[in-house]
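Excluded from the calculations below are hydrogen atoms, water molecules and symmetry mates; all remaining heavy atoms, backbone and side chain alike, are included.
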Amino acid sequence: MKVLVLLQILSLVVLLFTSLIKKEFKHKDVLRFSSTMLSVALGLIVFLTKGAFSILSLCVGIFSVVAFALYIFSKTDKGSEGIRNTALFTSKALLVILLLEMLVFNFNSFHLWGGSYEQFDLSLNDAEYVNGASTNVADSSFEAEFLNINKEIGTILLNVDSTSSKISYDIDFADESNSSYYIRSGLVKGDIFPEIEDSKYIICNFSGEVSKLKIKLSAQEGQTLSLLSDTITFNADHPATFSLLRVLVNLLSSVFVFLFIKSVFLNSSIKSQYQSFKAVTALTVVVLLTLMMFMTVLASVGQDIFHLTSGNQMTKELVDAFKAGRVTLGTVPGNDLMALENPYDWSQRMENNVSALWDHVLYEGEYYSYYGVAPVLLLFLPYNLITGYYFPSMLATFIFSSIGLVFLALTFMKLVKRYFDDMVLSMYLVSLVMLLSTCGIWYCLLPSNFYEIAQSSGFCFVTLGAYFLVSANVFDKGKISLKNICLSSVFLATAVTCRPTTAVWCIVSLLFIATGVVKIHKNKKSGGNTPSYVKYLLCALLPFAVIGAMQMLYNYVRFDSFTDFGIQYSLTINDFLSAQYHTQMAAIGFYNYLLAPPAFSTDFPYVMTNISDLGVNGYYFTATNNGFGLLFRALPMFALFFAPKAIKHIKKENRLIISILFLAVAVIAPFVIIFSIWESGYGVRYMVDFAWQMLICAFFVIFMLYRHTKYEETKRIFRYAMLIMMFICVVMNFALTYSYVYINSIPQVAHNILDKIAWDFSIFNT
C-alpha cells in the first residue's frame, strides 16, 4: 500500500512538472498523459483495496483527468485566449493544491511509516484502574492506566462519544527516555470532537518502547462522555482525508490572484468596464449575504423562530408596553430592589441577592428601556399585531445587517464611480472586499440580543442615509436632488432612534448639507438651474426636526427631560450616575479600537485577540475579550497618515471644504464616538459605528495617490500590495468573527460545523 501511495504522489509530481515547464521537449505530452493515467489507475486500486488514502486517492485520480482535459483544451484554438490561459492556470493550481492535500494536510497519515509499529489492542479490563465512563455507564470523565505495555506506540485510537461538542484528553506516558510520569506529566493534551472521526486518532511522538500509559478524558461542564468499545487501539493508521471546502478555498483564492494579475477587464478602468463594475459589486455582495445567511441559519438550527412566545427587551417587552399604550415595561421592580441604598450599584444587588432586570432602566420606581424604538415600531410591533408572535431577534439582526451591507456597497460604488472612475477595477474590487469585511456588522449577527439589534439597525439606517446623501449631488456637478437629500435626513434621523450614538453622523451630515447651500449660492450667481434655499433647507432639515421632536417627546414622557435617553439609570455593570470620567479610561478605547496589534498562534484560526487595559488602575468593562486595532484589521487604514499629501492633489478652490469634510468623517466623528462610549467599556461590535467610514476615507487617500503616481511599475506594485492586504484583511477578520461566534451561545450542530471547519484548516492537528 505504501508503494502505491508513493507512486501516486510521484505521478502527480510528474504531471505538475510537465504542466509548469513551458519549454517543449520530446515526449512531453506522452509523459503527461502517462502520469495522468497512472494517477487514475493507482487511485482506483487504492480506493478498491480500501487502504490508507482511499478517498483521497480516488479524488486525485479524478482531478488528474480534469487537469489533463483542461490542458488539452488549452492546446486547441477554440475559445478565447483568456479562457484558455485561465483553464491552464486552474489545472496547474489544482495539481499544487492536491499535492498540498496529500503531503501537508494529510502528513499525519505518514506518521507510522518511519518505525516498526504493530497494531494492537488493550482491554479496559486489563487496566490498573478504571473510573468514570465505560461502554455501559456515561459520566463526565474517564481515567485508566495501562502497565507493562513494552511496545512502541505511534497512534492511539480513542473511540468515544459525548453529549458535548468536544472531549479533552490528557495522556501521561513513560518510555525508554523517561521511566516515570513525575517529571513529564501533561505532555500529550488536546481535544476530541465526536463528530470528527479523524480527531479520535492521537499522534504520539514517544521514544522507543512505552512501559506505561495513563489516559484521562473529560467532557465539558455538565456533559457526559462514553467509550464505544471496551478496548483501546494502538498504532492504527491515521486515515487520510479530503476536504472539498479546503480545496475550493485554496483553488478559488489562486484563481482570484491569477485573474487579478492577468485579467484584461479587471485591469481596465471602471469607466471602460461599467457593466463589469456593477457585476463585481453585485457578486461580492451576494457572496457575503450568503455567508450572513449561513451564519444565521447555523445559529437558529432546531428552533421554531417564527412562532416565538418569548423575547428580549426590544422584541417583546417594548412591544407589550406599546400595545398596552404605555412607555413603562410590564415588570414591576421588587420592593427589595427599591429598598436598597443604591439600586444602581451592581455589588449591592449581588450581595443582597436582589433580582433586577439586567440593563433595564430604573427610574422613579418603574422599569423603562433606553434602547431605540425604531426597530420596535417598524418591525417587532407590526409582526406581533399581525401574527400574535414575537419576531425573532436573530432574523431581525440579519435583515438589518443585510440591508446595511447592501447600501454600504452601493455607497462605496457610487463614490468610486463619481470621483475615481479612472481607477482600475481590480483596485476597487479588493477595496470593496476589505470594506465589507471590516465594517463590523459581522459581530452583530451572533448573539442577537437587544444590543445587536440596536447596533445593526443603526448601521442599516446610517448606510441608507449615507447612500442618499451621496446621491443628492450637494457637492458635485449635477442638479441637487431634493428627494434624495430628504430621504438621507429621514434615514439618518431614524438611525438616532435606533442607537443614539449615531447622532454624531447626523451632525456630520449637516456639513454636507451646508455644502449644498454653498452650491445653490454659486449656481444662483451664475444663473444656473437650482432649487430655492427654502425648499432645499426644508427637505434637508425638516426630517431631523420632526423625527427628533418625536424622540425628544418620548424622552420627556419617560424621564421628564427632552434630551435624556435614560442610559445613566440603567441597571448594568456600573452605577453610571456615580461613575467619574478619567482620560486614561477613554485612552483604553482608543488604543484597543484603533492601535492594538494582533497576536498570533499555531492553533486555528491563528490570529488571537490582543486587547489591553493599558495598566490603568481602575474598573474598565470589557464586553467582549475579542479584537485588535482597526489599523491592523485593515492595513489600508495606515493611508490616513498620508491624507495631507493626497489633499494637495485636489483643486485649490475645493481643497478647504474637502479637507473639512474629510477630517470630520475620518477623524473627528470616529474619535467622538470612541470617546462617548468609554463608560460602556470595550466591545468589538462597537466598531460598526465608525470603522467603515474611516476605511472609506483611507481608500480615497490610496486612490488619489495611485492616480497621481507617474510610473506604471509603481502602480503595479501598488495593486499587488492591495491584493496582499486584502488577503490579510480577510484572514484577520475571519479569525475574529470565527472566535466571536464560537464563544457565544449557539446550538450543538453549529459548534460541530465550526469544529469541522477549524479541523480542515488546521495544519497541526495531532
Side-chain angles (χ1 to χ4, degrees), residues 86 245 248-296 398-421 423-445 456 459-460 463-464 466-467 470 633-637 688 691-693 695-696 698-700 702-703 719-734 736-737:
T86 303
L245 176 63
L248 286 176
V249 169
N250 290 329
L251 184 60
L252 291 175
S253 299
S254 302
V255 173
F256 182 89
V257 172
F258 174 80
L259 293 176
F260 183 92
I261 297 173
K262 296 293 186 180
S263 172
V264 174
F265 90 93
L266 278 181
N267 286 286
S268 301
S269 66
I270 290 171
K271 60 185 175 184
S272 66
Q273 294 283 348
Y274 184 60
Q275 295 303 318
S276 299
F277 174 57
K278 294 192 294 185
V280 161
T281 305
L283 180 61
T284 304
V285 171
V286 167
V287 169
L288 293 180
L289 289 181
T290 303
L291 181 58
M292 272 191 175
M293 185 179 296
F294 170 75
M295 292 172 63
T296 304
F398 169 73
I399 291 172
F400 289 130
S401 300
S402 299
I403 295 173
L405 199 74
V406 169
F407 277 91
L408 174 56
L410 290 175
T411 301
F412 188 57
M413 177 183 175
K414 184 170 284 291
L415 285 169
V416 172
K417 179 179 180 292
R418 181 166 296 173
Y419 299 111
F420 297 99
D421 62 352
M423 186 60 51
V424 292
L425 190 55
S426 59
M427 285 277 284
Y428 165 76
L429 175 57
V430 295
S431 301
L432 178 65
V433 171
M434 284 189 273
L435 176 65
L436 300 184
S437 300
T438 314
C439 65
I441 195 60
W442 301 95
Y443 308 108
C444 295
L445 289 173
S456 62
F459 169 74
C460 169
T463 54
L464 278 163
Y467 173 76
V470 170
R633 290 176 59 211
L635 292 176
M637 279 289 297
V688 75
W692 59 271
Q693 294 93 329
L695 193 52
I696 286 178
F699 286 135
F700 275 25
I702 291 174
F703 293 164
R719 293 196 297 271
Y720 291 174
M722 286 288 284
L723 176 65
I724 294 171
M725 286 190 285
M726 185 207 73
F727 278 107
I728 294 174
C729 175
V730 170
V731 170
M732 294 287 192
N733 285 284
F734 171 81
L736 284 183
T737 305

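- Of the possible polar contacts, one joining the Arg418 side chain to the Val470 backbone as a donor-acceptor pair under 3.5 Å is found.
- Residues Ser437 and Cys729 approach most closely at CB-SG, 4.4 Å, considering heavy atoms.
- Using a 30° and 60° split on the angle between ring planes, Phe703 and Phe420 fall in the perpendicular class, above 60°.
- Val424 places none of its side-chain heavy atoms less than 4.5 Å from the side chain of Ser268.
- With rounding to the nearest 0.5 Å, the separation of CE in Met423 from CG in Leu429 is 13.5 Å.
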side-chain contact (heavy atoms from CB on, under 4.5 Å) assessment of Thr463 paired with Leu410 = CA-CA 9 Å; Thr463 54; Leu410 290 175; over 6 Å; no
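- When all heavy atoms of Trp442 and Leu436 are compared, the pair lying nearest together is NE1-O, 2.9 Å.
- Proximity of Phe700 to Leu415: side-chain heavy atoms (C-beta onward) are separated by under 4.5 Å at one or more points.
- By the 4.5 Å heavy-atom criterion applied to side chains, Phe256 and Phe727 are counted as neighbours.
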Give the intermediate values and the outcome of side-chain contact (heavy atoms from CB on, under 4.5 Å) for residues Phe400 and Ile441.
-> CA-CA 10 Å; Phe400 289 130; Ile441 195 60; over 6 Å; no
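- In this view, Asn733 and Thr438, Arg633 satisfy the side-chain hydrogen bond (donor to acceptor under 3.5 Å, both in side chains) rule, not counting sequence neighbours.
- Once rounded to the nearest 0.5 Å, the distance linking CE of Met292 with CG of Leu405 reads 4.5 Å.
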Which donor-acceptor pairs under 3.5 Å do side chains of residues 275-285 form with protein atoms, sequence neighbours excluded?
from	atom 1	to	atom 2	distance (Å)
Ser276	OG	Gln273	OE1	3.2
Thr281	OG1	Phe277	O	2.9
Thr281	OG1	Tyr428	OH	2.6
Thr284	OG1	Val280	O	2.8

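- Looking only at side-chain heavy atoms (C-beta outward), Lys271 and Lys417 stay at 4.5 Å or farther from each other.
- Within the 4.5 Å cutoff, the side chain of Ser426 has no heavy atoms near those of the Val430 side chain.
- Atom NZ of Lys262 sits about 10.0 Å away from atom CG of Asn267, to the nearest 0.5 Å.
- What you find for Val688 and Trp692 is that their closest heavy atoms are O-NE1, 3.5 Å.
- Using a 4.5 Å heavy-atom cutoff, the side chains of Thr737 and Met295 are in contact.
- To the nearest 0.5 Å, the span separating CE on Met293 from OG1 on Thr290 amounts to 6.5 Å.
- Here the closest non-hydrogen pair linking Ser269 and Asp421 is CB-O, 4.0 Å.
- In this structure, Leu408 and Tyr467 have side chains that are not in contact, with every pair of non-hydrogen atoms separated by 4.5 Å or more.
- A distance of 13.5 Å separates CE in Met726 from CG in Leu435, rounded to the nearest 0.5 Å.
- When all heavy atoms of Cys439 and Phe459 are compared, the pair lying nearest together is SG-CZ, 4.3 Å.
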Evaluate side-chain contact (heavy atoms from CB on, under 4.5 Å) for Met725 paired with Tyr720, printing each intermediate quantity in order.
-> CA-CA 9 Å; Met725 286 190 285; Tyr720 291 174; over 6 Å; no
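- To the nearest 0.5 Å, atom CZ of residue Phe260 and atom CG of residue Leu266 are 8.0 Å apart.
- No side-chain heavy atom of Leu635 sits less than 4.5 Å from a side-chain heavy atom of Met732.
- Considering every non-hydrogen atom in both Cys444 and Ser456, the closest pair reads CB-CB, 4.1 Å.
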